[in-house]
Amino acid sequence: MAFADNLRQLPSIAHLSALELLDGAGQVVATIPNQPGKTGSLTVYAALAAKHGGITPDAAREGLELFAEHTEDARQHPGNHPNIDRLLEVIASGKGYAVRTVAA
């Protein structure tokens, strides 16, 4: 399925203003805001965190499937899709992120 089709099957994120990724020390290392151009990534990350309890290597693998056609583009053009790049990094390193949601 295409990314847009995958998004339609994931839970709503209308209740979120952002999602924060935390490193092993509990420090915020990235924020995905609920704003145009980021809503798709926020939807995917929120669904992954809810299912896996964080962004684990297994969650990252599932995330690459959900990002569908954008995953291959991210592999060919590192830096163009930072939220996909982050999932690739989680898989490569085996180190994930805890997640904290920010209510709208």
Side-chain angles (χ1 to χ4, degrees):
M1 277 198 283
F3 181 57
D5 297 325
N6 291 337
L7 285 180
R8 282 191 282 279
Q9 299 194 23
L10 297 176
S12 170
I13 51 142
H15 63 288
L16 297 178
S17 66
L19 180 143
E20 297 174 333
L21 299 176
L22 311 171
D23 65 13
Q27 298 298 308
V28 176
V29 295
T31 301
I32 304 172
N34 190 351
Q35 66 184 38
K38 301 292 181 190
T39 303
S41 289
L42 178 58
T43 301
V44 169
Y45 272 70
L48 295 172
K51 180 176 179 180
H52 296 274
I55 305 302
T56 64
D58 285 340
R61 282 187 276 281
E62 183 176 339
L64 294 180
E65 292 175 19
L66 291 170
F67 276 111
E69 69 275 9
H70 298 294
T71 298
E72 187 56 34
D73 188 62
R75 284 187 170 118
Q76 293 178 11
H77 305 99
N80 284 356
H81 303 277
N83 292 314
I84 298 173
D85 293 344
R86 188 175 296 112
L87 296 178
L88 292 167
E89 177 188 322
V90 167
I91 293 167
S93 71
K95 296 180 183 177
Y97 298 98
V99 171
R100 180 168 54 209
T101 56
V102 181

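- The minimum heavy-atom distance between Ala2 and Ala68, with the atom names listed, is C-CB, 3.9 Å.
- Taken to the nearest 0.5 Å, the CD1 atom of Ile32 stands 4.0 Å off from the CG atom of Asn83.
- Shown here for Pro36 and Thr39, the closest heavy-atom pair between the two residues is N-OG1, 4.2 Å.
- Val99 and Leu22 end up in different hydrophobic clusters when Ile, Leu, Val, Met, Phe, Trp and Tyr side chains are linked at under 4.5 Å.
- Scanning for side chain to side chain contact (heavy atoms under 4.5 Å, CB included) contacts around Ala50 gives an empty result, with sequence neighbours left out.
- To the nearest 0.5 Å, the span separating CG on Leu7 from CE on Met1 amounts to 10.5 Å.
- Using a distance-only test at 3.5 Å, with no hydrogens or angles considered, no donor-acceptor pair links the side chain of Thr101 to the main chain of Leu19.
- Contact between Pro11 and Ala47 at its shortest, heavy atoms only, is CD-CB, 4.2 Å.
- If you take CD1 on Ile84 and NE2 on His77, they are separated by 12.5 Å, rounding to the nearest 0.5 Å.
- Minimum heavy-atom separation, Ala59 to Gly54: CB-O, 3.7 Å.
- Scanning all heavy atoms of the two residues, the minimum distance from Gly94 to Pro57 falls at O-CG, 3.8 Å.
- Lys95 NZ to Tyr97 OH: the interatomic distance, rounded to the nearest 0.5 Å, is 10.0 Å.
- A search for side chain to side chain contact (heavy atoms under 4.5 Å, CB included) contacts involving Arg75 returns Leu64, Thr71, Glu72, Leu88, not counting sequence neighbours.
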Exercise. Can Leu16 and Val102 be said to form a side-chain contact (heavy atoms from CB on, under 4.5 Å), step by step?
Worked result: CA-CA 6 Å; Leu16 297 178; Val102 181; over 6 Å; no
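- Side-chain contact between Arg100 and Val28: present, with at least one pair of heavy atoms (C-beta onward) separated by less than 4.5 Å.
- Rounding to the nearest 0.5 Å places CZ of Arg61 at 7.5 Å from OG1 of Thr56.
- The ring-ring contact (aromatic ring centres under 6.0 Å, His included) analysis of residues 22-62, with sequence neighbours excluded, yields no pairs.
- Contacts of Asp85 classified as salt bridge (charged side-chain N to carboxylate O under 4.0 Å, His left out), with partners at least two apart in sequence or in another chain: none.
- The side chain to side chain contact (heavy atoms under 4.5 Å, CB included) check on Ala4 picks up Arg8, with sequence neighbours excluded.
- Phe3 and Leu66 get closest at one heavy-atom pair: CD1-O, 3.2 Å.
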Exercise. Which is it for Arg86 and Leu21 under the side-chain contact (heavy atoms from CB on, under 4.5 Å) test, yes or no, and what are the steps along the way?
Worked result: CA-CA 11 Å; Arg86 188 175 296 112; Leu21 299 176; 3.2 Å; yes
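- Note that the CG atom of Leu10 and the NZ atom of Lys51 stand 10.0 Å from one another [nearest 0.5 Å].
- When the side chain to side chain contact (heavy atoms under 4.5 Å, CB included) test is applied to Pro78, no partner is found at least two apart in sequence or on another chain.
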